Amino acid sequence: MEQDKLHEECGVFGLWSVPDAAAVTALGLHALQHRGQEASGIVTFDGARFHSHKGMGLVGDNFGDAKVIASLPGSHSVGHNRYATTGDTVLRNVQPLYADFEFGGLAVAHNGNLTNAHTLRRALVRRGCLFQSTTDTEVFIHLIAISLYSTVVDRLIDALKQVVGAYSIIALSNESLMGVRDPLGVRPLILGKINRSAEGGRLGNSWVLASETCALDIVGAEFVRDVEPGEIIVINDQGVHSIKPFGRQQERFCVFEYIYFARPDSVVEGMPVYEARKRIGAELARESGVPADMVVPVPDSGVPAAMGYAAESGIPFEFGIIRNHYVGRTFIEPTEHIRNLGVKLKHSANRAILEGKRVVLVDDSIVRGTTSKKIVEMMRQAGAAEVHMRISSPPTTHSCFYGIDTPERGKLLAARHDVHEMAKLIGADTLAFVSLGGLYRALGKPSRDPAQPHYCDACFTGDYPIPLPDTSEDVGRHLSYLVEEH
Ligand code: 5GP
Ligand code: MG
């Protein structure tokens with residue numbers, strides 16, 4: 001059994017008072033598919049009972065069948081996409097998690113990572129809580145279950161006060177749909193509204209919670225606002241209520257959402273992700289321009305930054321690499337060997353335009369360096385005269401413990417090598433990363449204030465705003481001794 005892992009990247013989506021909630025939720029999850037491709041699930045509430053369906057694979061695999069959607073009646077829902085990490089990819093960990101309480105049912109979907117989950121879990125097990133999964137989401141469920149408060153919202157607040165971490169949560173009870181962002185607002189969550197005047201029904205009371213705004217467009221909802229860091233939104237038939245039990249804190253939104261994770265058509269904290277990526281690319285061109293014949297993006301993640309680089313430098317933008325869209329993401333493959341193979345399956349050189357050309361390659365990040373090495377080699381094999389790699393993020397020198405799936409530090413290329421060595425290792429003529437200051441400027445901040453950085457940029461700085469995971473206390477122990485077939 002591989003090491004137990006509590007952490008996962010995810011997409012969450014929820015509806016209050018929307019007819020055919022399951023079908024609409026499947027659409028929302030489909031728009032959030034980039035946030036997780038490993039498994040998906042939907043729980044609905046029909047006013048009396050909850051209904052649940054979960055499965056491994058893509059949203060379309062699990063919810064493409066009309067019979068499945070028909071088995072999920074109700075106009076309130078919560079849904080979840082789970083990202084592939086290693087190890088515990090089993091159905092019992094697929095969200096939303098559901099539990100029965102004396103006040104009714106509760107379904108919880110969670111994006112992010114609780115860093116004190118192991119400690120809490122051990123204390124809960126000692127108290128007699130019987131864990132059914134190994135996800136940290138279940139820690140929430142038990143904390144809510146043992147809380148001495150009576151209402152579900154008070155119990156949720158009680159649970160939130162005990163957890164530490166980066167998380168966005170959507171929870172559905174018999175009475176309300178609840179959305180929470182952690183006190184620093186590391187993970188995203190937004191509120192939207194569906195106007196249903198044409199179809200009748202209760203006017204103005206249809207609400208959406210989602211990880212990103214791209215999930216609003218597909219279901220015909222309008223953007224209302226970002227849920228604030230540390231805010232709990234409670235939605236019921238009376239409307240939307242906001243609770244802020246943590247007081248005000250300096251926010252630290254995950255800057256990597258802008259760089260890579262969010263979909264380019266999403267708007268985060270008022271800034272379109274597409275625009276942000278183009279601006280980072282322009283900054284990169286100003287900081288480390290190089291004479292060249294063309295700017296080539298590493299598709300798809302490098303495309304907007306390459307456009308910004310090309311526009312700023314005046315060098316033509318060309319699709320020198322064509323991506324095959326029918327391959328799963330290479331990043332999620334478990335072994336080095338398969339990952340190497342995967343990169344070749346995914347990208348091909350557009351030979352006809354590359355012969356004898358000086359190429360600026362633009363990608364969003366270098367993690368292990370596998371992608372860059374393969375792509376540079378591919379450019380050379382296609383006859384490129386020079387290959388200059390430009391990266392629209394600073395060097396990834398530290399692991400993320402807050403919900404982005406970076407490998408352990410030893411596997412991060414930039415943790416072990418300086419830029420010069422990295423250029424050699426990936427085989428590029430030159431290599432440059434956008435500076436930290438340049439990244440902040442591109443996002444509309446004059447500079448990075450070390451005392452109060454606006455973003456969580458721990459993967460680039462090692463400045464971790466939330467205590468690190470308590471997993472070290474559990475070395476040599478398993479969270480669960482059950483090995484489940486899947
Ligand atoms: P590397 O091959 O260096 O390990 O990974 C770099 C590539 O992975 C880049 O093309 C980048 O777009 C992508 N990438 C960076 N972070 C993530 C992530 O968290 N998840 C996935 N699936 N891909 C990532
Ligand atoms: Mg990429």
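All ligand and atom numbering here is 1-based and tracks the order in the structure. Bear in mind that the values here come from a model prediction, so they are computed numbers and not experimental data.
- Comment: Arg225 engages Glu231 in a salt bridge, judged by a side-chain N to carboxylate O separation of less than 4.0 angstrom.
- The environment of NZ in Lys54 is crowded: more than 12 heavy-atom neighbours from other residues, nucleotides or ligands sit within 6.0 Å.
- Under a cut-off of 6.0 angstrom, the local environment of NZ in Lys445 is crowded, with over 12 non-hydrogen atoms contributed by other residues, nucleotides or ligands.
- Ion pair Asp429/Arg380 flagged as a salt bridge, since at least one NZ, NE, NH1 or NH2 atom sits closer than 4.0 Å to an Asp/Glu carboxylate oxygen.
- Under the 4.0 Å criterion applied to side-chain N and carboxylate O atoms, Asp463 and Arg448 are assigned as salt-bridge partners.
- Near Asp364, meaning under 4.0 Å from one of its heavy atoms, ligand 1 places the atoms 9 (C), 10 (O), 11 (C), 12 (O).
- Contacts with ligand 1 closer than 4.0 Å are made by side-chain heavy atoms of Phe256 only, the backbone lying farther away.
- The local environment of NE2 in His30 is sparse, with at most 12 non-hydrogen atoms from other residues, nucleotides or ligands closer than 6.0 Å.
- The pair Arg35-Glu257 meets the salt-bridge criterion, since a charged nitrogen lies less than 4.0 angstrom from a carboxylate oxygen.
- Listed by first then second residue, pairs satisfying ring pair (Phe, Tyr, Trp, His ring centres under 6.0 Å) with a partner in residues 269-310 number zero, not counting sequence neighbours.
- Checked by distance only, ligand 1 and Gly369 come closer than 3.5 Å through their nitrogen or oxygen atoms.
- With ligand atoms numbered from 1 in the order given, ligand 1 contributes 10 (O), 12 (O) to contacts under 4.0 Å with heavy atoms of Ser301.
- Comment: Lys424 does not engage Glu421 in a salt bridge, judged by the lack of any side-chain N to carboxylate O separation of less than 4.0 angstrom.
- For ligand 1, the polar-atom distance check finds no N/O of Asp405 at less than 3.5 Å from any of the ligand's N/O atoms.
- Under 4.0 angstrom from ligand 1, the non-hydrogen atoms of Ser365 come from both its backbone and its side chain.
- For the residues Asp363, Thr396, Thr371, the heavy atom positioned nearest atom 10 (O) of ligand 1 is part of Asp363.
- Between His454 and Tyr440, the gap from one ring centroid to the other reaches at least 6.0 Å.
- Inclusion of Ser372 in the set of residues having an N or O under 3.5 Å from an N or O of ligand 1 is not warranted.
- Shown are the protein N/O/S atoms under 2.8 Å from the Mg ion (ligand 2), given by residue and atom: Ser301 OG.
- Close approach to Ile366 involves these atoms of ligand 1, each under 4.0 Å from a residue heavy atom: 3 (O).
- The existence of a salt bridge linking Arg441 and Glu283 is confirmed by a sub-4.0 Å separation between a basic side-chain nitrogen and an acidic carboxylate oxygen.
- Contacts between Ile404 and ligand 1, counted as non-hydrogen atom pairs separated by less than 4.0 Å, involve the side chain only.
- Ligand 1 places these atoms under 4.0 Å from at least one heavy atom of Tyr83: 20 (N), 21 (C), 22 (N).
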